[in-house]
Number of protein chains: 2
Amino acid sequence: MEPVARPPLRDEIRDVLVEGMISGRWGPGDRIVERRLAAELQVSQAPVREALRELEALRLIESAPNKGARVRGFTPADLREVYQVRAGLEETATRLGGPSVPALRAHVARMHEAAAAGSLDGQVRHLVGFHREIVTASGNAVLASVWESLGIEVWTHVSIRLFRMRPHENAADHEPLVEAFDRGDPEVGRLLRDHVLGYAP
Amino acid sequence: MEPVARPPLRDEIRDVLVEGMISGRWGPGDRIVERRLAAELQVSQAPVREALRELEALRLIESAPNKGARVRGFTPADLREVYQVRAGLEETATRLGGPSVPALRAHVARMHEAAAAGSLDGQVRHLVGFHREIVTASGNAVLASVWESLGIEVWTHVSIRLFRMRPHENAADHEPLVEAFDRGDPEVGRLLRDHVLGYAP
DNA sequence: TCTCATCATATGATCGATCATAGGGTGTTT
DNA sequence: AAACACCCTATGATCGATCATATGATGAGA
């Protein structure tokens with residue numbers, strides 16, 4: 001038990017940045033000025049820098065020495081690279097451990113609901129949740145952490161907003177996968193891989 | 001052209017730490033005290049902290065709030081997780097682009113030479129080089145960077161030193177792979193995957 | 001006007017100092 | 001002796017200030 005233990009400032013700052021990138025406050029190419037952000041958040045420059053280092057490792061921002069940080073731009077080709085890696089990781093995950101089929105069904109149902117309610121945000125959240133269930137169910141923590149490090153959630157939000165992608169059709173696309181997991185189809189890994197590659201522009 | 005542009009201090013500090021972990025100066029579980037290291041390197045605490053954040057993202061150290069950083073310990077089970085991910089990544093790489101067979105042969109030759117000369121360090125360097133050639137040849141920069149983020153090189157050095165693993169037999173193990181790449185064997189991905197999984201304890 | 005050197009400003013990089021927390025030691029109370 | 005509260009030290013977290021670099025503005029000279 002440790003009910004007090006506040007999280008370090010740098011973590012809150014990192015979350016502010018991530019949230020800002022999701023909401024569109026900072027878009028690709030935008031400069032992130034350490035001192036301005038520090039002043040706005042009423043903190044000093046140091047924890048801001050540390051948060052930026054973290055986001056750099058997550059490939060969400062890029063920075064050059066003495067030039068500062070900016071939100072990473074990305075081309076469709078870059079996105080394709082990410083999806084290729086992600087597809088491989090998720091295929092690997094299916095070889096290590098099967099996900100909970102009820103959990104998958106729940107995410108699909110929520111995706112449908114969110115689509116009906118017109119909630120882009122909800123759709124993305126459960127779309128990501130569906131795939132996250134697969135990687136965490138692998139039981140391989142390294143795999144899960146590498147998958148997270150691709151920044152799937154943020155990039156999905158950002159690319160939907162920037163490219164005006166329509167995730168409506170996604171919910172239905174997932175049902176064949178659920179069925180394949182349910183019947184223990186040995187081809188499910190390949191199916192999943194092709195499914196993920198299908199996201200790529 | 002930018003012949004001057006010194007690298008940021010934090011990068012040098014990070015390299016010192018990595019080198020120290022490879023050389024055995026810091027072993028798993030060892031505490032890394034920010035102020036002591038800063039004093040020793042004649043720098044201040046800030047860049048040391050930033051270097052530690054980077055190494056944390058690379059999973060080379062772990063840290064808890066207000067508790068400080070220590071070199072990550074790892075069990076054979078942890079290593080197995082890393083190798084499973086790595087095997088999947090390298091298999092994915094073979095689907096995206098074939099490596100240079102001459103380059104692979106060169107690495108194998110150097111592995112043999114290093115083994116003959118009794119140079120553990122040389123063996124590891126070319127062992128890693130062999131696999132790095134495969135992932136970089138995929139042409140997918142994200143894949144390569146994720147692969148690097150597993151800290152393959154450091155962990156290979158460390159586990160050989162700690163577990164007294166003998167890499168002598170490794171050079172020969174790679175020849176079937178080279179041949180498979182050379183003849184364009186469609187099974188090379190699976191072969192490579194099994195090869196990498198074979199490293200796991 | 002064009003070119004280039006100089007300088008001013010903004011900002012990243014680093015520093016030294018302070019604040020806050022964790023862990024261990026010590027003494028007091030029972 | 002055991003339990004507990006208190007304090008002390010080491011150290012991580014954060015701050016405010018300074019140093020160093022990059023970028024754009026200014027103006028002299030051709």
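Remember, predicted model here, so these are calculated numbers, not experimental data. Numbers restart at 1 for each chain; the letters A, B, ... are given by sequence-line order, proteins then strands.
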* **Close residues, residues 59-74 of chain B, relative to DNA chain D [heavy-atom separation under 4.0 Å]** => B/Pro65, B/Asn66, B/Lys67, B/Gly68

* Asked: Which parts of residues 11-21 of chain A get close to DNA chain D, meaning a heavy atom less than 4.0 angstrom away?
  -> none

* Under a 4.0 Å heavy-atom cut-off, which of residues 29-37 of chain A touch DNA chain C? -> A/Arg31, A/Ile32, A/Val33, A/Glu34, A/Arg35, A/Arg36

* Sequence neighbours left out, what passes side chain to side chain contact (heavy atoms under 4.5 Å, CB included) with A/Arg25? Give chain and number order. => A/Ser23, A/Glu40

* Which residues share a salt bridge (charged side-chain N to carboxylate O under 4.0 Å, His left out) with B/Glu81, sequence neighbours left out -> none

* Assert yes or no for the condition that the ring centre distance of A/His131 to A/His174 is strictly below 6.0 Å. => yes

* Taking only residues two or more places apart in sequence or in another chain, which ones pass side chain to side chain contact (heavy atoms under 4.5 Å, CB included) with A/His107? -> A/His126, A/Phe130

* Set of residues satisfying ring pair (Phe, Tyr, Trp, His ring centres under 6.0 Å) with respect to B/His157, sequence neighbours excluded -> none

* Qualifying residues under salt bridge (charged side-chain N to carboxylate O under 4.0 Å, His left out), relative to A/Asp121, sequence neighbours excluded -> A/Arg125

* **Pair listing, side chain to side chain donor-acceptor pair (under 3.5 Å) test, anchored in residues 133-146 of chain A, at least two apart** => A/Asn140-B/Gln84, A/Ser145-B/Arg59

* Those residues that, when tested against A/Phe181, pass ring pair (Phe, Tyr, Trp, His ring centres under 6.0 Å) (two or more places apart) -> none

* Asked: Any Lys/Arg nitrogen of A/Arg53 or A/Glu50 sitting under 4.0 Å from an Asp/Glu carboxylate oxygen of the other?
  -> no

* Non-hydrogen atoms of A/Ile134 and A/Glu90 that approach each other most closely -> CG2-O, 4.4 Å

* **Residues, nucleotides or ligands: over 12 heavy atoms within 6.0 Å of B/Arg193 CZ** => yes

N/O contacts under 3.5 Å, protein versus nucleotides 14-16 of chain C?
unit_1: C/dT14; atom_1: OP1; unit_2: B/Leu9; atom_2: N; d: 2.7
unit_1: C/dC15; atom_1: OP2; unit_2: B/Ser44; atom_2: N; d: 2.8
unit_1: C/dC15; atom_1: OP2; unit_2: B/Ser44; atom_2: OG; d: 3.4

* For A/Ile32, which residues count as a side chain to side chain contact (heavy atoms under 4.5 Å, CB included) partner, sequence neighbours excluded? -> A/Leu17, A/Trp26, A/Leu37, A/Leu52, A/Ile61, A/Val71

